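Structure record follows, encoded as structure tokens.
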Amino acid sequence: MLRMLVTGGAGFIGANFVQYTVRHHAEYRVRVLDALTYAGDRVTLRSVADQIEFIEGDICDRGLVDRLVAEADVVVHFAAESHVDNSLHDPEPFIRSNVLGTYSLLEAVRRHGGRFHHISTDEVFGDLPLDAVEKFTEDTPYDPSSPYSASKASSDMLVRAWVRSFGVAATLSNCANNYGPYQHVEKFIPRQITNVLVGERPKLYGTGENIREWTHVDDHNAAVHLILTKDRIGETYLIGSGDERTNREILDLILELMDQDPDAYDHVPDRPGHDLRYASDTTKIRTELGWKPVYGDFRAGLAATIAWYRNNEWWWKPQKDSVEAKYKLLGR
Ligand code: NAD
Ligand code: DAU
């Protein structure tokens, strides 16, 4: 059995990764390290609680990280502050967790060895014009727009430097927007679904013309497992479904699937510095590793996600009021 340490395993993508690993990869014994910030909840792991070990702790705690990394063969690093709007309001936790936290993990891997996979985002590349066909590639220069994406870009750079200068056995992946179960209700898709469910009007930033490339969380996690099976140390892979949609299109679809009037939403002030379009050329992971998304039908994936939020109010309801109170303060 390989010993796997998953940081941020109580958050959206990390918890889905842990569940996916328990279901499909019996070769790993999973240990989760998570600080249980506002975005992490142990209850998200309750279906696999007997099959994993959970440790509540901070990736910036150098002593704890040193011990846990020494006891792991593979580290998959999801832990981060992840929400752009929060980073615009208070950047400091982003610098701490995303930059210093990654540094602390890298130093431990440098001391003890083992395989490290760093989870990152397409936002490190900045944005693309709305009307272009151009896409990000692994060679696109970094040009982050928000404190969140700048902190993720910094962490990617640290990983690359630790590979080159210290021989750390790391790989990186930069994924597009994820959707699926257990996503925090601060994020676009769950916010709109749960707004409808509680009788609030959905909120669209600006014109709603901004484009994102929506990728099912299990497709992202399958790609990460594929990268782990290959020893292409130092390599970066872009991950994305290729399914680009405007926010307005997504909202229209949510309203339709939830039997709402097409005009039953509010336009709210735009996010400062709002990135226009993200789109990734994923030729490398498709041709080198043979990855392709299983969730090809976005409409069906979104309908399943809506059904999940309908049936799991116990999971998201406790977060909802405080999230909306925070948005109210931001005027969004
Ligand atoms: P999330 O906010 O839902 O979860 C983050 C988790 O990390 C939480 O459980 C939180 O408690 C934990 N955490 C935060 N700071 C920590 C610290 N200092 N020590 C230990 N644990 C800490 O985030 P997510 O959406 O699941 O994103 C996970 C990773 O994937 C992040 O690195 C993010 O940048 C990246 N990513 C996200 C998306 C997306 O669409 N959500 C897309 C591409 C990449
Ligand atoms: O691209 C990958 C990134 O995707 C990840 O790195 C981030 O962690 C993740 O949060 C996500 O970032 P975005 O900023 O794209 O996601 P968010 O869900 O916050 O917003 C998606 C789009 O919807 C964005 O254009 C802003 C818009 N939006 C968002 C909210 C919360 C709205 O129009 N209304 C809203 O209420």
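Model, not experiment: these values are computed from the prediction. By convention here, the first residue in the shown sequence is residue 1. First listed ligand is number 1; within each ligand, the first listed atom is number 1.
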- Identify the protein heavy atom lying closest to atom 33 (O) of ligand 2, giving its residue, its atom name and the separation to 0.1 Å. Y205 N, 2.8 Å

- Test: R332 and E324 ion pair at under 4.0 Å: no

- Task: Could you pull out every protein residue that has a heavy atom closer than 4.0 Å to ligand 1, ordered by chain and then number?
- Result: G8, A10, G11, F12, I13, D34, A35, L36, T37, A39, G40, G57, D58, I59, F78, A79, A80, S82, S97, I119, S120, T121, Y148, K152, C175, A176, N177, N178

- Item | ligand 2 contacted by Q192 (non-hydrogen, < 4.0 Å) | yes

- Query: Any idea which of F12, F125, F188 brings a heavy atom closest to atom 32 (C) of ligand 2?
  - Reply: F188

- Query: Of L276, N86, N247, D122, which has the heavy atom at the shortest distance from atom 22 (C) of ligand 2?
  - Reply: N247

- Task: Anything under 30° is parallel, anything over 60° is perpendicular, the rest tilted; go ahead and classify F166 against W162.
- Result: perpendicular

- Task: Please name all residues satisfying side-chain hydrogen bond (donor to acceptor under 3.5 Å, both in side chains) with Y205, sequence neighbours left out, ordered by chain then number.
- Result: D85

- Would you check whether R191 has a nitrogen or oxygen atom less than 3.5 angstrom from a nitrogen or oxygen atom of ligand 2? yes

- Can you check ring pair (Phe, Tyr, Trp, His ring centres under 6.0 Å) on H225 and F17, steps first, answer last? CA-CA 9 Å; H225 267 290; F17 179 83; 4.7 Å; yes

- Message: What I want to know is whether W214 and ligand 2 share at least one N or O pair that is separated by under 3.5 angstrom.
- Response: no

- Heavy-atom closest contact (S104 atom, I59 atom, distance): OG-O, 2.6 Å

